[in-house]
Amino acid sequence: MALGYLSGTWLGALTVCRLAGVRDPRLAGSCNPGFSNVLRLYGTRLALATLVVDAAKGMPVLWLAMAMGMPPWAQGLVGLGVLLGHSYPAWHRFRGGKAVASAFGVMLVLTPWVALVCAALWSLLAWRVRTAAIATLASAALAPLASIWLAPDYVGVVIAFTLLVLARHVLNIRRLGRGDEPGLGRRHD
């Protein structure tokens, strides 16, 4: 779990934006170091690079947990460590991202079919409603249901991941209620 946490603390948005020579995404837009804010601030190319880093960063430690023959609940603890590291990185004053891309990467290793079903729903909703928060909340709600059918050994693990992602989106839920949640198509200056 500690290795998961350490791998999770690597915030892809910071690395990608530094390498691209653009402003730290924590200082503009929603001030969140994640895919959606980078997309709104800097476009598709940097957002996709952020998504890849955040999804892939926990994979090696999860593969190690699986190779060691850890049971699903223990693999889930390693994955939870990745998500907690992304959400609360010690080196960034415990101010991290919302763990959506990291959860996708963790689930891609542990429950690949659940991850792909949730990614398909996220993509469809993001395309139709143009709001990452709605796509994320719906996908997170679907994950435990999909895991019952597609990955029954990991249902408890997926529920824990879902609860963390939903908790990280409380402010988005409030903004959705007020009608001022930024859409994916709107770029900040």
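Distance alone, capped at 3.5 Å, places no donor-acceptor pair between the Gln75 side chain and the Met66 backbone. The closest donor-acceptor contact from the side chain of Tyr42 to the backbone of Pro25 lies at 3.5 Å or more, if one exists at all. In this structure, the side chain of Arg45 does not engage the main chain of Ala49 through any donor-acceptor pair within 3.5 Å. When atom types are taken as modelled, the side chain of Asn32 and the backbone of Val38 share no donor-acceptor pair closer than 3.5 angstrom. With hydrogens and angles disregarded, no donor-acceptor distance shorter than 3.5 Å links the side chain of Ser87 to the backbone of Leu84. With hydrogens and angles disregarded, a donor-acceptor distance shorter than 3.5 Å links the side chain of Thr131 to the backbone of Val129.
Annotation: the span from Ser30 atom OG to Leu41 atom CG amounts to 7.0 Å, rounded to 0.5 Å. Atoms CG and OG1, on Leu166 and Thr136 in that order, are 9.5 Å from each other to the nearest 0.5 Å. Note that the CG atom of Leu116 and the CG atom of Leu121 stand 12.5 Å from one another [nearest 0.5 Å]. How far CG of Leu108 is from CH2 of Trp113: 10.5 Å, rounded to the nearest 0.5 Å. Leu19 CG to Leu46 CG: the interatomic distance, rounded to the nearest 0.5 Å, is 9.5 Å.
The closest side-chain heavy-atom distance from Leu51 to Leu48 is below 4.5 Å. Using a 4.5 Å heavy-atom threshold, the side chains of Leu164 and Leu80 count as touching. In this structure, the side chains of Tyr154 and Pro72 come closer than 4.5 Å at one or more pairs of heavy atoms. A 4.5 Å side-chain heavy-atom check between Trp10 and Thr15 finds at least one atom pair inside the cut-off. Looking at His92 and Arg26, their side chains come closer than 4.5 Å, going by heavy atoms from C-beta outward. A 4.5 Å side-chain heavy-atom check between Ser102 and Lys57 finds at least one atom pair inside the cut-off. The shortest side-chain heavy-atom distance between Asp54 and Phe104 does not fall under the 4.5 Å cut-off. Taking the side chain as every heavy atom from C-beta outward, Phe35 and Val100 never approach each other to under 4.5 Å.
Residues Trp63 and Met107 are members of one and the same hydrophobic cluster, defined by side-chain heavy-atom contacts under 4.5 angstrom among Ile, Leu, Val, Met, Phe, Trp and Tyr. Residue Ile148 is not grouped with residue Val114 when hydrophobic side chains (ILVMFWY) are merged at heavy-atom distances under 4.5 angstrom, including chains of intermediate members. Put simply, Met68 and Val82 are part of the same group of oily side chains (I, L, V, M, F, W, Y) that touch within less than 4.5 Å, one to the next. Linking ILVMFWY side-chain heavy atoms closer than 4.5 Å, directly or via other members, places Val52 and Val61 in two distinct hydrophobic clusters. Using a 4.5 Å cut-off between side-chain heavy atoms of Ile, Leu, Val, Met, Phe, Trp and Tyr, with links allowed through other members, Tyr5 and Leu62 fall into the same hydrophobic cluster.
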> How far apart are the C-alpha atoms of Met59 and Ser7, what are their side-chain angles, what is the distance that settles it, and do they pass the side chain to side chain contact (heavy atoms under 4.5 Å, CB included) test?
Replying inline: CA-CA 9 Å; Met59 289 180 175; Ser7 67; over 6 Å; no

>> With side chain to side chain contact (heavy atoms under 4.5 Å, CB included) as the criterion, how do Thr9 and His86 come out once you've worked through the C-alpha distance, each side chain's angles and the decisive distance to 0.1 Å?
In response: CA-CA 5 Å; Thr9 61; His86 181 82; over 6 Å; no

>> Please determine whether side chain to side chain contact (heavy atoms under 4.5 Å, CB included) holds for the pair Cys17 and Asp24, giving the CA-CA distance in whole Å, both sets of side-chain angles, and the decisive distance to 0.1 Å.
In response: CA-CA 6 Å; Cys17 290; Asp24 184 333; over 6 Å; no

> After noting the C-alpha distance and the side-chain angles of Leu83 and Phe161, does the key distance pass the side chain to side chain contact (heavy atoms under 4.5 Å, CB included) rule?
Replying inline: CA-CA 8 Å; Leu83 303 187; Phe161 296 167; 3.6 Å; yes

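Residues satisfying the side chain to side chain donor-acceptor pair (under 3.5 Å) test with Ser123, not counting sequence neighbours, are none. Applying the side chain to side chain donor-acceptor pair (under 3.5 Å) criterion to Thr162, with sequence neighbours excluded, gives no partner residue.
Across every non-hydrogen atom of Ala141 and Pro144, the tightest pair is O-CD, 3.4 Å. Taking both residues in full, the closest heavy atoms of Val157 and Gly76 are given as CG1-CA, 3.6 Å, listed atom of the first, atom of the second, then distance. In terms of heavy-atom proximity, Leu11 sits nearest to Pro89 at CD1-CG, 4.1 Å. In terms of heavy atoms, Ala13 sits closest to Gly34 at CB-N, 4.0 Å. Considering all non-hydrogen atoms of both residues, Val165 and Ala140 come closest at CG1-CB, 4.3 Å. When all heavy atoms of Ala138 and Leu125 are compared, the closest pair comes out as CB-CD1, 3.3 Å.
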